[in-house]
Every structure is written in structure tokens, then in C-alpha cells.
**Q** 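Take a look at the following structure, please.
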There are 2 protein chains.
Amino acid sequence: MAKDKSPEAEPKRRRLPSAERRQEFILKAIDFFAEEGFESSTRGLAKKLGVTQPLLYRYFPSKEDLISEVYDAVYVKRWQPEWGDLLADRSRPLSDRLNEFYNVYTDVIFNREWMRIFLFSGLKGVDINRRYLRLVRSRILEPIVAEARHEAGLPPAEATDAQVEFVWTMHGGIFYYGVRKLIYESNVSDDQDTVIATAIEALLAVLPGKLANDT
Amino acid sequence: MAKDKSPEAEPKRRRLPSAERRQEFILKAIDFFAEEGFESSTRGLAKKLGVTQPLLYRYFPSKEDLISEVYDAVYVKRWQPEWGDLLADRSRPLSDRLNEFYNVYTDVIFNREWMRIFLFSGLKGVDINRRYLRLVRSRILEPIVAEARHEAGLPPAEATDAQVEFVWTMHGGIFYYGVRKLIYESNVSDDQDTVIATAIEALLAVLPGKLANDT
DNA sequence: GAAATAAGTTGTCAGTTGATAAATAAGCGC
DNA sequence: GCGCTTATTTATCAACTGACAACTTATTTC
């Protein structure tokens, strides 16, 4: 109902420059596939986009190619390299750094689309998912072990599998809080800061002892 | 090529009594849908069963009805009421009980089919999923808080949301270990007992303090 | 303002989907 | 061995799927 140039009221075919439209497709495809799953039809997506279905094939050779772009936009583009710097800032207590990190990290991943895309693609068995987990391990969990060693006055050493696994438990506990909230839509505590803080507290209560033991 | 009674070699139509076949369908449907997702075709399932697709409709009015039976077989039938007794056995230290409980509990849920069915149905937004989480809360997590209170010499009291949330973090950490192992098929530590034991250790290191504080 | 470019649509195809109806045949009771 | 019951198959439907070719038209260029 937004009238602009009075007479020709409805411009039936709203054209967009190629790059712009492509971007629009990817962004809305994230929402669409997150909600309906990757098995949902390209016609359903086209309807949501307000265009016809064959138009999608002008921008992406196949449905799978479009889905790959979705993965890229969600996993790769939203990853912030500065997270590593944050964790490594030894001017602050590790506990502070961890709390801040998990606050900013969950700002990125604790939303319905991210979570659902992640679970859907995980069930599909796509490789990018395993790559993401390796990234988490090398850029987040192993650094956490290293920082904990430093704070405990231990010499640097490569993190053992068991140590990383323990940090995974805390990380997974926080992640699963997001799953319960955003996927299962359960009644979760709305005090997310406290949930994160307590998980970190439990980690730091036990981790130093583990590190000292097996070196 | 397995010859048995020489001449009639291949009995084209192998009939089964109704109840038996129905059960067979449900069991194989669990594997099938766990692997391929609930959007997979009834023809695919029939092929796996070695029968024709319309036969499924003699046993289940619709695909959704069959899927409901799958949920029932996985979530409801595999739940063991004695888990509650195990957690409540005050003749043993809570730490022991928790370790034993998570060992037997993960015996049930740490397998590819259970995990995948759970995630698939969660993404579908079916209500049985939320019901399952409520069961976990009332039969596992709240009892854990109650037992921890008792062991800390505190008077009985209803568990607060924040307390349950903290136990959820440990529970979710263990659960997510299973997800990484069975869904993402990552390189996880194969020492599952230690993973569980350490998660419990971290919980018990912090939980008593939390309980004392807010009563 | 005509011609060229490219954004968008119409039409369609071959394969797949859940589901039903009707035909077939295995195994039981007698 | 006959007839009945019912487990199972064959045949089929209408709707939907990813993908492609050909047509239309908005926008740019000169």
C-alpha cells in the first residue's frame, strides 16, 4: 500500500542488480532452511523470496550449491578471529576472559537460525561441521588449556586429549543450554550470564588439578 | 544364493503374523529414520524391510503414525524407572551413584539411532521431545539436587531453577560428548568413564556451595 | 529512442512422494 | 484338499520435486 509515483502503483517485476539479489537469496535461505530443514523445496524458498523458483537457478547452479553458500555465511563468515586474542590477554584473570568470551561467542551462535543450521547440517553429515568442531578445539579449547596452565604457573605444554575433553564438557554444557532454549524451546533459566559463569566456575575449580597431575 | 530346501529355493512371499511384522517394521523404521531422517520416503523404508511400500499402510494408517511408534519405542520404552532408585540410594556416596547412573544411562542413549532420532525429532518440534526433557528434569536433575542437599547436611527444599540449570550444564556436557562422538563422529576421547567422572567431579566441586548460598 | 544486455517469468519434464483400491496367494481350520 | 481369512503385491493417483529451455520485459548504453 506504499504509494510513491502515483499511477503505476505496483511495479510487478522489481529488478535487482545481480550481486545484491544473490546476497538477498542467501540471507533469506538461511532463515528458510533453518526453519524448514534442507529437504524443503526450492519452490517454498522462492515463494518466501517473492520470486519464481527457476530464478534461483540463475544464481546458483544447484540447490546443493545454494546450501553450501548458507554454510559459508553461517559458519565461516560469522567466526571472529579476535576471539583468540580475547582468550590470550594475560593482563586479565582467566575467569574474566572466559566469561567475556562466552558472552560474545554466544551472542553469535545463540540464535535460532545458527543453532538449527548447525544441527541440520550435522545430521546431514557434511564435512564443514567437523571442520567447525576442529576450529573450536584449536582456537578455543586448546588455548583455554594453555591459559589455565599459565595461570597455574605450569610450563607450556601441548594439551592432552583428556584435558581438552574436559574443557569440551563445559563448552558442551553451555552449548546445550542454547539447544534447550532455542531448539527445544524449553523453560530454561533466562539468566544466561549466571549459567555461563557457573559453568566456568566449575571448570576452573577442577581443571588446574588435572593439569598438574598429568604433566 | 542361500539354498535351503533345494527346489523351491526362493519363497517369494514370506508371511508373518500381524503382531510380529508390525514389531519388525517399527524396529527397522528406527534404524532407517535415524539414518535418513524422517523426511525419507516410505518406499526407501519398504525396500530396507524387503516388502512393498503399500504394505506399510496395512499396519500404520499414515507415515506420521509410524513415526509416533518410533518415538514411543525410543523415548518411552527405553526409559528405566529404576534409574530413580539408583540415584536415591543414600547408602552410597553421591559421587558413586552419579557415576553409575551416567554409565547405565549412556548405555541406553549413547548409540547412533537414539541420538539421531532425538535430534531429528527435536528439530521437527514434536512435543514428545519437550516431554522427555521435563522427564529428565524431574526424574534425574531435581533428584540430584535433593541428594546433594542431603549429603551437604542441608534440609530438604525444592530445587531452584538456577540450581537445576547448573546440573543441566553437567548433564548437557555429557550429552554433548555423545553428540560429538555419534553424530559428528569427531575424534573424541575413547575413555568415556573418565569423561563422565570428571564432569561429575566438577559438578560436585561447586554444587554444594551453590546450595548453601541461596537457602 | 533503438538496440543490446540481462533479470525475471512461463512452461515443462522426468522422477519421487504419500496414499488408496483392487488383485493375488499363503497358510490356517476343517 | 477345500474354502476362508488375511498378508502381501500390483497398479495407480494426484501432488510435489529439482532442473532446464524458451520466452518476456526492465534497464542500460550509445
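Chain naming here is simple, since letters A, B, ... match the order of the sequence lines and numbering starts at 1 in each.
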**Q** Rounded to whole angstrom units, what separation is found between the CZ atom of A:Arg21 and the C1' atom of D:dT27?
**A**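 Answer to the nearest Å: 14 Å.
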
**Q** Are OP1 or OP2 of D:dT8 and a side-chain N or O of B:Tyr59 less than 4.0 angstrom apart?
**A** yes

**Q** Grab the CG-P distance between B:Leu49 and D:dT9 for me, whole Å please.
**A** 11 Å

**Q** From the list C:dT9, D:dT9, D:dG18, which nucleotide is the closest neighbour of the side chain of A:Gln53?
**A** D:dG18

**Q** Mark yes when over 12 heavy atoms from residues, nucleotides or ligands other than A:Asn187 sit less than 6.0 Å from its CG; otherwise mark no.
**A** no

**Q** How far apart are the C-alpha atoms of B:Ser68 and B:Asp65, what are their side-chain angles, what is the distance that settles it, and do they pass the side chain to side chain donor-acceptor pair (under 3.5 Å) test?
**A** CA-CA 5 Å; B:Ser68 295; B:Asp65 283 282; 5.5 Å; no

**Q** Rounded off to whole Å, could you give me the CZ-to-P distance for the A:Arg43 and C:dT10 pair?
**A** 13 Å

**Q** Nearest whole angstrom, please: distance from the P of C:dG18 to the CZ of B:Phe38.
**A** 14 Å

**Q** My understanding is that only one of B:Phe33, B:Phe38, B:Trp114 makes a ring pair (Phe, Tyr, Trp, His ring centres under 6.0 Å) with B:Tyr71; could you say which?
**A**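 Of all the options given, the one that passes is B:Phe38.
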
**Q** Assign each of A:Gly44 and A:Pro54 to its nearest nucleotide of DNA chain D by heavy atoms, then name whichever residue's nucleotide is nearer the 5' end.
**A**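 So the residue in question is A:Gly44.
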
**Q** OP1 or OP2 of C:dA19 versus the side-chain N and O atoms of B:Tyr57: is any pair under 4.0 Å?
**A** yes

**Q** May I ask you to evaluate whether A:Thr42 reaches the phosphate of D:dG18, defined as a side-chain N or O under 4.0 Å from OP1 or OP2?
**A** yes

**Q** From the set D:dT8, D:dT17, D:dC20, return the single nucleotide nearest to any side-chain atom of B:Arg58.
**A**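 Selected nucleotide (nearest to the side chain): D:dT8.
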
**Q** Under 4.0 Å from any atom of DNA chain D, heavy atoms only: list the residues of residues 60-72 of chain B that qualify, in numerical order.
**A** none

**Q** To the nearest Å, how far apart are A:Leu56 CG and D:dT17 C1'?
**A** 13 Å

**Q** Is B:Leu87 close to B:Glu82 at the side-chain level, that is, under 4.5 Å between some pair of heavy atoms?
**A** no

**Q** Which part of the nucleic acid does B:Ser41 contact within heavy-atom distance under 4.0 Å: base, sugar-phosphate only, or nothing?
**A** sugar-phosphate

**Q** Given atom CZ of A:Arg22 and atom C1' of C:dA6, what is their separation to the nearest angstrom?
**A**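 After rounding, the reported distance stands at 16 Å.
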
**Q** How close or far is atom C1' of C:dG27 from atom CD of B:Glu20, stated in whole angstroms?
**A**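 Nearest whole value for this atom pair: 14 Å.
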
**Q** For the side chain of B:Val51, counting heavy atoms from C-beta on, which of C:dT9, D:dT9, D:dG18 is nearest?
**A**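 Selected nucleotide: D:dT9.
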
**Q** Assess whether atom NZ of B:Lys47 is packed by more than 12 heavy atoms of other residues, nucleotides or ligands within 6.0 Å.
**A** no

**Q** Testing B:Ile109, B:Asp107, B:Asn103 one by one against B:Tyr105 for a side chain to side chain contact (heavy atoms under 4.5 Å, CB included), which residue passes?
**A**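 Per the side chain to side chain contact (heavy atoms under 4.5 Å, CB included) rule, the option paired with B:Tyr105 is B:Ile109, out of B:Ile109, B:Asp107, B:Asn103.
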
**Q** Is atom CZ of B:Arg139 surrounded by more than 12 heavy atoms (other residues, nucleotides or ligands) closer than 6.0 Å?
**A** no

**Q** Measure CG/B:Leu55 against C1'/C:dT24 and give the value in whole Å, please.
**A** 14 Å

